[in-house]
A.B. asks: 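Would you mind keeping the following structure in view while I ask a few things?
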There are 2 protein chains.
Amino acid sequence: MHLTLHTDYAMRLLMFLGLNPERRCTIEEIAQHYRVSRNHLMKVALTLTQTGFVDSLRGRNGGLKLGKPPAGIGIGAVVRATEDNLDLVECFDAKTNTCPVAPACLLKQPFAEAVHAFLAVLDRYTLADMLANPKILNSMRRLLDLRE
Amino acid sequence: MHLTLHTDYAMRLLMFLGLNPERRCTIEEIAQHYRVSRNHLMKVALTLTQTGFVDSLRGRNGGLKLGKPPAGIGIGAVVRATEDNLDLVECFDAKTNTCPVAPACLLKQPFAEAVHAFLAVLDRYTLADMLANPKILNSMRRLLDLRE
DNA sequence: AATAAGATGCATATTAAATACTGATTATTT
DNA sequence: AAATAATCAGTATTTAATATGCATCTTATT
C-alpha cells in the first residue's frame, strides 16, 4: 500500500511555494530543487491549479504561488485530489469487480471505514503545520545554495 | 492507494476456510470457486501458513484449514502479514529515499499516524465478523452449486 | 509403488505508474 | 510587432511492480 509519486510531488511543491510566499516560483526551479522530472511535476502543478490549491500565471515572469493561505490547505484534501484511485480492493469498484461473493461479502465495510480513518487523520493537518518547523526552511535554503 | 491482490486473495481464502470448518479444503477448489489464479493463490496460502493463520497438510487428503479460531484472526494482522510494503511515501524508507528535504521534512509524521489509524480500524475486526452474515454462506454455496 | 496434495524457485506477462516528447497557448518585454 | 518565457495539453515511451504460469521437489496417504 503506497501513495503515488504524484501525491508525493504535490506535497513537495506546496511546501516549496509555502516557503517562498513573496514571489512566483517556476516549475523548472522546483523540479531542479528536488531533482525530479520536470514533466511529471508539471502535471502535478496542473492538478493543483485546477483544484485551486495553486494559482498559476503563464508567460514571462509567470509561475506558481499558493492559491490559498497554508492553513487553508488540508493534507487530506490534497491527497483526495491527487490520488485518483482510493479503491483499496477490487470489489470497491463494481465495474472492475470479479469476485463472485462480493454482493454478500462483509469485507468492504471495515476497509471503507479504515480508509475513512486514514483520511480523517490527514484532515487534521494543514500545509501550515508542515511549514512550522524553521529547520525545514534552513535545510531547503542550504540545499538551494549548494546547487547553485 | 490500494492493497495488492495478495491481500485480497488472503481474505477470500480465509473466509472460504472459515465457512468450511469441518474439513480441509484444497487450494485447487478455492481457486476454482473464486475463478482466480491457482498459482497465485498457492503463494498466498504459503504466506498464511507461515504466519500461522492457516494449517496446511501435504499429501493425499491434504489441504488447508484455519490455524486459529475465526475470532482470533484479526483483519489488521492479516493485512500486515500479506501486504509487504506499507511505506506510503518514498521517504518512509531511508534506503530508497531521494528527497533532499527529507531530514527536515514534517510530512512523515501525519502519514505515519494515518497508516496507524488505518490499521487500528482493521484491528477491531476479525474473521468471525466477516462470517457473521448468514447470507454469505448461502451465496457461496449457491455459487458452488452453480459451478458443479 | 502410485497418487494427490502442498512447497519452492524461476520465468514470463500484464498493468500501472512515471517519464519524455511535441506542440499549443498565453503573457511580457523590447 | 516580434521574440521570449512561461504554463497547458495530449500522446508516446520507459520502467517497475504486480500478477501469473511453469517445472520440479517434497510429503503423506492409499
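Naming: A, B, ... by sequence-line order, numbering from 1 per chain.
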A.B. asks: Counting side-chain heavy atoms from C-beta on, which of C/dG6, D/dT7, C/dC21 comes nearest to A/N39?
C.D. replies: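 Of C/dG6, D/dT7, C/dC21, C/dC21 is nearest to the side chain of A/N39.
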
A.B. asks: Describe the nucleic acid contact of A/R38 in one word from base, sugar-phosphate, nothing, applying a heavy-atom distance below 4.0 Å.
C.D. replies: base

A.B. asks: Could you work out which one of C/dT19, D/dA19, D/dA9 sits closest to the side chain of A/Q50?
C.D. replies: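 Selected nucleotide: D/dA9.
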
A.B. asks: Return the value, rounded to whole Å, for the distance between atom CG of B/N85 and atom P of D/dA16.
C.D. replies: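 Spelled out: CG on B/N85 to P on D/dA16 is 15 Å.
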
A.B. asks: Within this structure, what is the CZ-to-P distance between B/R24 and D/dA28, rounded to whole angstrom?
C.D. replies: 11 Å

A.B. asks: For A/M1 and A/L64, take the nucleotide of DNA chain D holding the closest heavy atom to each; which residue's nucleotide lies nearer the 5' end?
C.D. replies: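 Result: A/L64.
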
A.B. asks: Is it true that the side chains of B/Q32 and B/E28 contain a donor and an acceptor less than 3.5 Å apart?
C.D. replies: yes

A.B. asks: Heavy atoms from C-beta onward define the side chain here; which of C/dA20, C/dA18, C/dT25 lies closest to that of A/T4?
C.D. replies: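 So the nucleotide nearest the side chain must be C/dA18.
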
A.B. asks: In this structure, how many angstroms lie between the C1' atom of C/dA2 and the CZ atom of B/R58, rounded?
C.D. replies: 18 Å

A.B. asks: Taking the side chain of B/T49 as heavy atoms from C-beta outward, which of C/dT19, C/dA7, D/dA19 is closest to it?
C.D. replies: C/dA7

A.B. asks: Please tell me which of the listed nucleotides, D/dT11, C/dT26, D/dA5, lies nearest to the side chain of A/R60?
C.D. replies: D/dA5

A.B. asks: Let me know, please, whether A/G59 or A/H2 comes out on the 5' side of the other along DNA chain C by nearest nucleotide.
C.D. replies: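 Its nucleotide being nearer the 5' end, the pick is A/H2.
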
A.B. asks: Taking atom C1' of D/dC8 as reference, at what distance in whole Å does atom CG of A/L48 sit?
C.D. replies: 14 Å

A.B. asks: Within the 4.5 Å heavy-atom criterion, are A/L13 and A/L41 side-chain neighbours or not?
C.D. replies: yes

A.B. asks: Could you check if a side-chain atom of A/L88 sits within less than 4.5 angstrom of a side-chain atom of A/M1, using non-hydrogen atoms only?
C.D. replies: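 Side chain of A/L88 against side chain of A/M1, heavy atoms only: contact under 4.5 Å found.
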
A.B. asks: Rounded to whole Å, please give me the gap between NE2 in A/H40 and P in D/dT11.
C.D. replies: 18 Å

A.B. asks: Starting from P on D/dT20, measure out to CD1 on B/I27 and report it in whole angstrom.
C.D. replies: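 Computing the B/I27:CD1 to D/dT20:P distance gives 15 Å.
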
A.B. asks: Ignoring backbone atoms, test whether B/Y9 places a side-chain nitrogen or oxygen under 4.0 Å from the OP1 or OP2 oxygen of D/dT20.
C.D. replies: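 Looking at the OP1 and OP2 atoms of D/dT20, one of them is under 4.0 Å from a side-chain N or O of B/Y9.
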
A.B. asks: Using 30° and 60° as the class limits, which term best fits the ring planes of A/H6 and A/H40: parallel, tilted or perpendicular?
C.D. replies: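 Tilted, since the angle between the ring planes falls between 30° and 60°.
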
A.B. asks: Look at the side chain of B/K43 against the base of C/dG6 and say whether a donor-acceptor pair falls under 3.5 Å; ignore hydrogens and angles.
C.D. replies: no

A.B. asks: Run through A/L17, A/L48, A/N20, A/D55 and flag the one making a side chain to side chain contact (heavy atoms under 4.5 Å, CB included) with A/L66.
C.D. replies: A/L17

A.B. asks: Is any N or O donor-acceptor pair between the side chain of A/K65 and the base of D/dT7 shorter than 3.5 Å?
C.D. replies: no

A.B. asks: Between B/L46 (CG) and D/dT27 (C1'), how many Å, whole number?
C.D. replies: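 Going from CG in B/L46 over to C1' in D/dT27 covers 15 Å.
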
A.B. asks: Starting from C1' on D/dA17, measure out to CG on A/L3 and report it in whole angstrom.
C.D. replies: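 Interatomic distance, CG of A/L3 to C1' of D/dA17: 16 Å.
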
A.B. asks: Just compare D/dA6, D/dA19, C/dG6 and give me whichever is closest to any side-chain atom of A/T26.
C.D. replies: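 Between D/dA6, D/dA19, C/dG6, the one nearest the side chain of A/T26 would be D/dA6.
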
A.B. asks: If you only use heavy atoms from C-beta on, which nucleotide in D/dT7, C/dT8, C/dT19 is closest to the side chain of B/M42?
C.D. replies: C/dT8

A.B. asks: Of the candidate nucleotides D/dC8, D/dT29, D/dC22, which contains the atom at the shortest distance from the side chain of B/N61?
C.D. replies: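 Out of D/dC8, D/dT29, D/dC22, the nucleotide with an atom closest to B/N61's side chain is D/dT29.
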
A.B. asks: Taking the basic N atoms (NZ, or NE/NH1/NH2) and the acidic carboxylate oxygens, is any pair closer than 4.0 Å for A/E29 and A/R35?
C.D. replies: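 No salt bridge links A/E29 with A/R35.
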
A.B. asks: Think B/S56 has a side-chain N or O under 4.0 angstrom from the OP1 or OP2 of C/dA7?
C.D. replies: yes

